[in-house]
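Report on one structure; see the data block that follows.
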Amino acid sequence: MESVLPGAAALLGQARRVVVFTGAGISAESGVPTFRDDLTGLWARYDAEQLATPEAFHADPDLVWGWYEWRRARVRRARPNPGHLATAAIEDLVPGTVVVTQNVDDLHERAGSRAPVHLHGSLFAPRCVGRAAHPAAFADPADDAADPGEGSRLAPPRCGHCGALVRPGVVWFGEALPEAALTAAAEAAATCDVLLTVGTSGVVYPAAEIPRIAARSGATVVQVNPLPTPLDAICDVNLRGSAARILPTLVE
Ligand code: BV8
């Protein structure tokens, strides 16, 4: 039985500044695998250290690039779900809403969110590993590549400027988050009235600090997740259920 938040509409209706903080769980009902939960989680079949680190890419670029191209193909086939659409509706309801996502898919954008803050980069912004931050001087296969299939090995493209390998435009373990994104997310969390944390296990830092900043700043923190997480303790309300079912009830 999904739980609902009595007076949710009033909570959001009275809020001047809202942060919607999302993780892989909001994309689960679009068919995009999460990382850590149940058997569909990506990490259940792969070792994060094996694939989501610069060392892994250096050691085996074809395996890592193939994994990201498989994920990119899955996202391209996915559609935003009612959770993404409700998030965009919250932005319409409360103009001072900031969407902060750990996700590297583009489902928030495709649901109508205007400028989500991507803390961990994007599957759709591959970049040159060379020293200079070259513009996309390579034929990005995103548009026409077929699904390479899970576990496929694919040689990454080469940069047209310097010939270096092209890598996924995501933040790997051990890499710093984009400073502007992290600063914007922290400032939004420190000044919001309400923070909704949706579909995240809350274990990856520094992103997991964002809901904690909001709690310390006196905001009302509401969690949407079918399962308990370490964030339960800092939330004023824990709504047990899926993003696609619960978020629309907050904007009815
Ligand atoms: C850094 C890449 C320093 C992109 C990712 C020990 C303690 C604390 C921290 C550390 C530590 N050891 C190392 C660290 C740091 C490390 C870290 O936090 N490790 C953790 C695992 C302990 N962090 C880093 O390395 C970061 N960088 O610290 O750099 C630095 C500073 C300066 C200069 C140089 C270096 C980088 C972190 C980013 C790593 N990149 N991914 C990609 O491949 O996608 S992390 C990966 O986890 C994804 O990005 C993902 O977004 C992120 C968080 O996961 P979630 O989104 O929460 O997903 P998860 O599967 O875990 O949970 C899903 C949830 O949804 C579940 O709760 C489930 O119940 C729920 N759910 C399921 N279905 C639904 C649902 N909810 C709602 N509706 C549903 N239908």
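In each ligand, atom 1 is the first atom listed, and ligand 1 is the first ligand listed.
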> Which atoms of ligand 1 are found less than 4.0 Å from any heavy atom of Ala24?
Replying inline: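 Atoms satisfying the 4.0 Å criterion: 55 (P), 56 (O), 58 (O).
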
> At a 4.0 Å threshold, what atoms of ligand 1 neighbour a non-hydrogen atom of Tyr68?
Replying inline: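 Answer, ordered by atom number: 42 (C), 43 (O).
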
Of [options], which has the heavy atom at the shortest distance from [atom]?
atom	options	answer
atom 71 (N) of ligand 1	Pro228, Gly23, Gly25	Gly25
atom 62 (O) of ligand 1	Pro33, Gly169, Ser201	Ser201
atom 70 (C) of ligand 1	Leu177, Asn225, Leu51	Asn225
atom 42 (C) of ligand 1	Arg245, Arg71, His120	Arg71
atom 22 (C) of ligand 1	Val170, Thr200, Val203	Val203
atom 76 (N) of ligand 1	Ala243, Pro206, Ala244, Gly199	Gly199

For [X], is at least one N or O under 3.5 Å away from an N or O on ligand 1?
X	result
Gly174	yes
Asn103	no
Phe173	no

Answer with yes or no whether the side chains of [Y] and [X] bring together a donor and an acceptor at under 3.5 Å.
X	Y	answer
Asp105	Ser27	yes
Glu91	Ser113	yes
Thr53	His58	no

> Mind checking whether Gln223 and Thr229 have side chains closer than 4.5 Å, heavy atoms only?
Replying inline: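 The answer is yes, as the side chains (C-beta and beyond) meet within the 4.5 Å cut-off.
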
> Would you call Leu12 and Ile90 a side-chain contact if the rule is heavy atoms closer than 4.5 Å?
Replying inline: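 With C-beta onward as the side chain, the pair touches.
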
> Hey, quick one: are Ile213 and Leu195 part of the same hydrophobic cluster, counting side-chain heavy atoms closer than 4.5 Å, chains of contacts allowed?
Replying inline: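 Yes, Ile213 connects to Leu195 through the hydrophobic network.
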
> Looking at Phe57 versus Trp65, is the centre-to-centre ring distance below 6.0 Å?
Replying inline: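 Not under 6.0 Å, so no.
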
For [X], which part has a heavy atom under 4.0 Å from ligand 1: side chain, backbone, both, or neither?
X	result
Val204	both
Glu29	side chain
Ala28	side chain

> Does a sphere of radius 6.0 Å around CZ in Arg153 hold more than 12 heavy atoms from other residues, nucleotides or ligands, not counting ones at 6.0 Å or beyond?
Replying inline: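 Result for CZ/Arg153: enclosed.
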
>> Looking at His118 and Asn103, would you say the former's side chain and the latter's main chain have a donor-acceptor pair under 3.5 Å?
In response: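 Answer holds: yes.
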
